[in-house]
Amino acid sequence: VLIYGNVQQKTMQVVYDVAGNKLGFGAKGC
Amino acid sequence: AAAADRKLLASESHEFHTIKLSSILPGSVCDSSSQGHKLPSPSSLKVVHKHGPCHKTKESSLPSASELLATDESRVKSINSRISFSAARNTFASTDSVRLPAKSGSSLGAGNYLVQVGLGTPKKDLSLIFDTGSDLTWTQCEPCARSCYDQAEPIFDPSKSSAYSNVSCGTPACNQLKSATGNSPGCNTNTCVYGIQYGDQSFSVGFFGKDTLTLTPTDVVPNFFFGCGQNNQGLFGQTAGLIGLARDPLSIVQQTSKQYGQVFSYCLPSRSSETGSLTFGQSYVSKAVKYTPFSSSQGTTFYFIDVLAMFVGGQKLQISPTVFSTAGSIIDSGTVITRLPPAAYTALRDAFRKQMTSYPMGKPVSILDTCYDFSKYNTVKIPTISIIFGGNTKIDIDGSGILYAVSSSQVCLAFAPNSDASD
């Protein structure tokens with residue numbers, strides 16, 4: 001599989017909405 | 001050089017990032033300004049890097065970049081083997097007579113980011129790896145009947161917690177271990193025994209228990225199920241264990257679903273010497289967040305997403321959509337370097353190299369084959385990389401997420417290929 005790793009997630013707010021079955025990305029999250 | 005830096009910094013665009021080299025090289029001192037940074041919510045935990053200076057680790061136990069990347073490769077191999085197994089099982093699901101062996105271990109090497117939580121009554125602080133690619137939360141426990149590795153904090157002693165109790169054999173929580181760990185639970189004098197093994201042969205075995213979990217002073221989870229490890233060996237650094245953030249009913253996400261509605265978020269800092277945050281609940285999610293759907297049909301552990309296309313320097317790469325759809329995609333907090341199907345990686349690497357011809361190349365390291373020698377530069381200009389996820393959600397990767405800096409003379413494109421298109 002393509003695996004989206006943690007280096008590429010840096011500084012984003014990564015949101016796991018498991019109940020809503022969706023994943024979110026917010027720029028400049030920290 | 002200063003004038004050149006100013007010129008470069010002024011030329012920031014949607015096609016290039018201008019990066020100060022010092023901002024991506026590993027720091028040796030924990031950044032005190034980021035330590036004092038206000039966490040986004042009362043339900044937020046501070047996130048630190050496992051091998052960074054914000055976590056008290058003996059210097060002698062710090063792995064080299066090659067060792068870290070080798071561990072990352074072992075995690076990737078194990079993820080692929082787990083998903084292959086899951087796919088094979090689904091193929092035969094409708095045939096009653098076909099019997100496949102139980103999953104041979106959860107096969108996940110330890111991730112790289114930690115949060116500190118409190119366990120027990122009174123609470124004891126423990127630094128746990130947080131991992132969206134596994135389900136069970138466990139910590140090393142006294143009396144370490146067989147083996148415990150060296151950890152930074154005192155090992156949790158359940159006999160000193162007034163709220164701890166062992167889980168009995170045959171209970172629903174005990175039976176749930178089979179899907180959460182991939183291994184059937186054992187039983188010892190009516191106490192449920194868990195076992196979880198990882199792809200690099202790391203493992204934890206111990207009693208399955210429950211106790212009070214204190215996330216923050218205002219966020220307390222009573223009767224939290226976790227593994228109390230009596231035999232723990234492997235590449236866990238000096239952490240106290242692991243916190244499982246995947247989708248199985250035993251994961252912390254599901255155990256706290258009434259409190260936080262199965263929503264959590266994190267932000268990983270740009271440098272290992274800075275801190276980020278892990279937050280439970282929906283309240284503090286930014287309105288600017290862009291969403292892509294999960295596919296939930298492929299088991300309960302991994303978070304499957306769709307990748308549709310990639311851009312380098314504002315230009316779309318010529319990659320057939322089937323390259324991405326053949327094996328699918330997951331997001332994982334514990335894998336360091338993004339792995340791409342071979343055809344996608346080649347297209348990305350070639351486009352990146354084409355726009356980086358003004359910089360001298362450096363020696364490759366482990367799985368990273370596109371490295372640059374930036375030792376003569378203070379500031380560098382690199383092409384932007386964007387990904388289109390399902391739902392046409394376009395995400396621009398931060399500059400700190402494009403390069404992996406081993407040293408100023410070895411700064412590498414932080415992507416790697418899978419060994420096979422069907423991986």
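Protein chains get the first letters and strands the later ones, always in sequence-line order, with residue 1 at the start of each.
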Under a 4.5 Å cut-off applied to non-hydrogen side-chain atoms, are [X] and [Y] in contact?
X      : Y      : value
B/S400 : A/T11  : yes
A/I3   : B/L340 : no
B/I331 : A/L23  : yes

Which atoms form the tightest heavy-atom contact between [X] and [Y], and what is the distance?
X      : Y      : answer
B/Q254 : A/V18  : NE2-CG1, 3.9 Å
A/Q13  : B/S265 : NE2-OG, 3.5 Å
B/N80  : A/V1   : OD1-N, 2.7 Å
A/M12  : B/D396 : CE-O, 3.5 Å
B/C267 : A/G29  : SG-C, 3.3 Å
B/L268 : A/Q9   : CD1-CB, 4.3 Å

Check against side-chain contact (heavy atoms from CB on, under 4.5 Å), B/I397 and A/Y4: CA-CA 11 Å; B/I397 295 172; A/Y4 195 70; 3.6 Å; yes
What part of [X] gets closer than 4.5 Å to chain A, counting heavy atoms only: side chain, backbone, both or neither?
X      : answer
B/I395 : side chain
B/T132 : side chain
B/S286 : both
B/F324 : side chain
B/P269 : backbone
B/F280 : neither
B/V76  : both
B/I337 : both

Donor-acceptor contact present, side-chain [X] to main-chain [Y], <3.5 Å:
X      : Y      : answer
B/T338 : A/G5   : yes
A/N6   : B/S333 : yes
A/Q8   : B/A414 : yes

side-chain contact (heavy atoms from CB on, under 4.5 Å) between A/V7 and B/Y404, worked out: CA-CA 8 Å; A/V7 169; B/Y404 186 88; 4.2 Å; yes
side-chain contact (heavy atoms from CB on, under 4.5 Å) assessment of B/Y266 paired with A/V15: CA-CA 7 Å; B/Y266 57 73; A/V15 182; over 6 Å; no
Flag the one option from [options] with the top tally of heavy-atom pairs under 4.5 Å to chain A.
options                        : answer
B/L245, B/I385, B/T292         : B/T292
B/V336, B/I387, B/V263         : B/V336
B/P417, B/A288, B/A344, B/S270 : B/S270

side-chain contact (heavy atoms from CB on, under 4.5 Å) evaluation trace for B/F264 with A/D17: CA-CA 7 Å; B/F264 68 95; A/D17 184 342; over 6 Å; no
Quiz item: cation-pi between B/K290 and A/F25, 6.0 Å / 45°: no
Max heavy-atom pair count under 4.5 Å with chain B, selected residue of A/G26, A/G24, A/A27, A/G20: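 Of the options given, most contacts go to A/G24.
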